[in-house]
Amino acid sequence: MEEFNDTINLGEEAVKVLKTIYDPEIPVDIYELGLIYDVFVNETLDVKILMTLTSPNCPVAETLPREVEDKIKKIDTVKSCEVEITFDPPWTKDLMSEEAKLELGML
C-alpha cells in the first residue's frame, strides 16, 4: 500500500511543479491553461507527462517540454521523466480552468 501512496504523492507533487511553469505569452501556468492532458506515475516512480501546446507553431515548442522535464526531474523521488507532446485533441480555450479564464478576463 505504501507504493500506491508514493505514486499518488509524486503525482500531486508533479502537478504542484507544473503549476510553477508559465507559457511565456500568457500569464497563466501551463496546468491551469489546460496544456497538461495527463500525469502518469508508475510504481518505480517514473513520470510521464502527456501535454500539448497552444498550437503546433508555438514559439516555445522546443523549450517548454524541456523545461517541464527538467523541473519534474528535480523532484527528489522521481526516477525518470518523459514528456510526450500530442495535438490530439488539439488545445482549445475550453481546456482552460475557470481560474485561468478569470485571470485572462474571459469570464
Side-chain angles (χ1 to χ4, degrees):
M1 203 58 184
E2 190 174 313
E3 273 183 14
F4 181 70
N5 286 335
D6 289 347
T7 58
I8 289 175
N9 292 340
L10 182 51
E12 290 171 354
E13 190 65 30
V15 168
K16 285 181 193 169
V17 168
L18 293 168
K19 288 184 174 193
T20 69
I21 302 170
Y22 286 78
D23 183 303
E25 297 181 331
I26 306 169
V28 174
D29 71 75
I30 62 172
Y31 190 84
E32 298 297 336
L33 203 51
L35 297 182
I36 304 300
Y37 286 166
D38 219 332
V39 176
F40 303 98
V41 179
N42 68 14
E43 60 282 347
T44 57
L45 304 179
D46 299 303
V47 178
K48 180 175 181 184
I49 304 217
L50 183 62
M51 67 177 288
T52 193
L53 301 168
T54 52
S55 80
N57 310 339
C58 182
V60 293
E62 293 296 314
T63 58
L64 193 59
R66 195 171 314 121
E67 180 181 357
V68 168
E69 184 178 323
D70 290 346
K71 287 194 174 177
I72 295 296
K73 282 181 176 177
K74 287 181 180 170
I75 300 172
D76 287 344
T77 53
V78 169
K79 298 289 183 267
S80 71
C81 178
E82 176 189 347
V83 176
E84 182 180 331
I85 300 290
T86 185
F87 292 101
D88 182 28
W91 181 85
T92 66
K93 291 179 177 147
D94 294 338
L95 295 172
M96 293 168 57
S97 69
E98 296 290 311
E99 182 181 311
K101 290 176 183 174
L102 191 61
E103 179 76 28
L104 297 174
M106 299 170 77
L107 286 179

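Because the structure is predicted, anything quoted here is derived from the model rather than measured.
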Check: Closest heavy-atom contact between Y37 and W91?
Finding: OH-N, 3.6 Å

Next item on the list: Could you tell me whether E12 and K16 make a salt bridge, using a distance below 4.0 angstrom between a side-chain N and a carboxylate O?
Entry: no

Notebook entry, point to check: With sequence neighbours excluded, what pairs up with S55 under the side chain to side chain donor-acceptor pair (under 3.5 Å) test?
Noted result: none

Next item on the list: Compare all side-chain heavy atoms of V17 with those of K74 and state whether any distance is below 4.5 angstrom.
Entry: no

Checklist line | Non-hydrogen atoms of I72 and I49 that approach each other most closely | finding: CG1-CD1, 3.8 Å

Item checked: With T20 via side chain to side chain donor-acceptor pair (under 3.5 Å) - residues at least two apart -> none

Note to self: Would you compute the distance between atom CG of L35 and atom CG of D23 and round it to the nearest 0.5 angstrom?
What the structure shows: 6.5 Å

Note to self: When you compare the side chain of I85 with that of M51, does any pair of heavy atoms fall below 4.5 Å?
What the structure shows: yes

Check: Does T52 offer a backbone N or O that forms a donor-acceptor pair with the side chain of T86 under 3.5 Å?
Finding: no

Notebook entry, point to check: Do I21 and Y31 come within less than 4.5 Å of each other through their side chains, counting heavy atoms only?
Noted result: no

Notebook entry, point to check: Could you go step by step and tell me if V78 and L45 meet the side chain to side chain contact (heavy atoms under 4.5 Å, CB included) rule?
Noted result: CA-CA 6 Å; V78 169; L45 304 179; over 6 Å; no

Item checked: Listed partners of E69 passing salt bridge (charged side-chain N to carboxylate O under 4.0 Å, His left out), at least two apart -> K73

Item checked: Considering all heavy atoms, the nearest L95-P90 contact -> CD1-O, 4.2 Å

Next item on the list: Output all residues satisfying side chain to side chain donor-acceptor pair (under 3.5 Å) with E32, sequence neighbours left out; order by chain, then residue number.
Entry: K19, S97

Notebook entry, point to check: Would a 4.5 Å heavy-atom cut-off, applied to side chains only, mark V41 and D6 as touching?
Noted result: no

Notebook entry, point to check: Got a second to check how far N9's CG is from T77's OG1, nearest 0.5 Å?
Noted result: 8.5 Å

Item checked: Shortest non-hydrogen contact from V28 toward Y22 -> C-CD2, 3.3 Å

Next item on the list: Kindly give the heavy-atom pair with the smallest separation between V83 and P65, and that separation in Å.
Entry: CG2-O, 3.8 Å

Item checked: Closest contact, heavy atoms only, N42 versus D46 -> OD1-N, 2.9 Å

Notebook entry, point to check: What residues form a salt bridge (charged side-chain N to carboxylate O under 4.0 Å, His left out) with K48, not counting sequence neighbours?
Noted result: E84

Please output the side-chain donor-acceptor pairs of residues 98-107 that fall under 3.5 Å, not counting sequence neighbours, one pair per line with the distance.
none

Checklist line | Euclidean distance, L18 CG relative to I36 CD1, rounded to 0.5 Å | finding: 4.5 Å

Notebook entry, point to check: How many angstroms lie between CG in L10 and CG in D76, if you round to the nearest 0.5 Å?
Noted result: 10.5 Å

Item checked: 4.5 Å side-chain heavy-atom contact, V60 and P24 -> yes

Next item on the list: To the nearest 0.5 Å, tell me how far L33 CG sits from K93 NZ.
Entry: 10.5 Å

